[in-house]
Protein chains: 2
Amino acid sequence: MTIGQLAQELNIKTQTIRYYENQGLLSKPERTQSNYRIYDQNSIKRLTFIKRAKEIGFSLGDIKTLLEMSDKKVNRCADVKDFAETRLIKIRSRIEDLKSMEMTLSDIIKQCSQPNKTAECPIIESLTEG
Amino acid sequence: MTIGQLAQELNIKTQTIRYYENQGLLSKPERTQSNYRIYDQNSIKRLTFIKRAKEIGFSLGDIKTLLEMSDKKVNRCADVKDFAETRLIKIRSRIEDLKSMEMTLSDIIKQCSQPNKTAECPIIESLTEG
DNA sequence: TGCAACCTTATAGTTAACTATAAGGTAGTA
DNA sequence: TACTACCTTATAGTTAACTATAAGGTTGCA
């Protein structure tokens, strides 16, 4: 598939795909004899990973490292472990924060559905303690 | 407390605090007779909320809305509910993605601890399906 | 063959969220 | 009283991550 088709499939811009290639997140793809980039299912997988990793708060730099780990380009086990461990700590605290925000928001929605009750709004409290 | 003390407490820059004030995330604080801003425990709470909401992927615009909801400046229940519901959907999918990334990373750490096994690296798979 | 809709590279512009600088006032201490 | 470390506002610069533009080549179809 061409870059345009890939971009449409994933709802991103073609420029963004080229940008990721420049940044080393995507490897140089095969080309047609007329120099067009060619992509396959694997490219869709990789870009889906990038999109979702971005959504959960990883920088492109982090994502690059994760992809390199996945590609086995990074072989020093200690480095991989260190990186994974520090990310894991962050991920766990993010999950806690998100859960706490989730509870608060669903409480708010419930309160909105019963407009008689005018309970206190606990939004700030949700992420303040702990 | 002064802006400098507040900034130190939360490990952010004084400029950032003033920036948040300009953006409407913090209300105009009291001033000393020499025009210095004065802050209290409540300011710490509010800034802690902002910091953590940012970490879990909210934009400053979203955070402003959440704070306004908290401050009861937004009273139209339907609006609050709509906002909360769309955020809630995003939060839930982020939690799923984070959990899946969490599992993958802890598997990697395990594999690193048993260097004899050279299992496949499932990083990309972690966020591709679903 | 002509033309719209693709593709290429290189480079410049945009947006969000800071971050630094300039120019000057204030407070506490040697 | 002078010095250092604060504070003020306004404005300019930075960084990450795109996003758009310019200038030109390619493909497929009427």
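All values reported here derive from a predicted model rather than from experimental measurement. Per chain, numbering begins at 1; letters A, B, ... match sequence-line order.
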Query raised in the report: Tell me: CG of A:Asp62 to P of D:dA16, nearest whole Å?
Result: 12 Å
Query raised in the report: Do other residues, nucleotides or ligands put more than 12 heavy atoms under 6.0 Å from the CG atom of B:Asn22?
Result: yes
Report task. Assess whether side-chain contact (heavy atoms from CB on, under 4.5 Å) is satisfied between A:Tyr39 and A:Leu47, documenting all intermediate values. Result -> CA-CA 11 Å; A:Tyr39 297 96; A:Leu47 271 168; over 6 Å; no
Report task. Identify, between B:Thr2 and B:Asn22, the residue whose nearest nucleotide on DNA chain D lies closer to the 5' end. Result -> B:Thr2
Requested in this report: Using a cut-off of 6.0 Å, state whether more than 12 heavy atoms not belonging to B:Gln8 lie near its atom CD.
Outcome: no
Report task. Write down the distance between CD1 (B:Ile3) and C1' (C:dT26), rounded to a whole number of angstrom. Result -> 15 Å
Report summary line: Separation of C:dT26 atom P from B:Arg37 atom CZ, nearest Å, is 15 Å
Query raised in the report: Are A:Asp71 and A:Arg46 close enough for a salt bridge, meaning some N to O gap below 4.0 Å?
Result: yes
**Report entry** Base-contact (B) and sugar-phosphate-only (S) positions in nucleotides 17-30 of chain D, heavy-atom cut-off under 4.0 Å, - elsewhere
**Finding:** BBBBB---BBS---
Report task. Check whether any side-chain N or O of A:Arg18 sits under 4.0 Å from OP1 or OP2 of C:dT8, and answer yes or no. Result -> yes
Report task. Could you tell me the separation between the CE atom of B:Met1 and the P atom of D:dC6, rounded to a whole number of Å? Result -> 14 Å
Requested in this report: Measure from OH on B:Tyr39 to C1' on D:dT8 and round the result to the nearest Å.
Outcome: 12 Å
Report summary line: Rounded to whole Å, the CD-P distance (B:Gln5 to D:dA5) equals 16 Å
Report task. Measure from CD1 on B:Ile38 to P on D:dC6 and round the result to the nearest Å. Result -> 18 Å
Report task. Mind calculating the distance between CZ (B:Arg31) and P (C:dG25) to the nearest angstrom? Result -> 17 Å
Query - Residues A:Glu55 and B:Arg94 bridged, charged N to O under 4.0 Å - result: no
**Report entry** Pairs involving residues 8-26 of chain A, ordered by first then second residue, that meet salt bridge (Lys or Arg N to Asp or Glu O under 4.0 Å) (sequence neighbours left out)
**Finding:** A:Glu21-A:Arg37
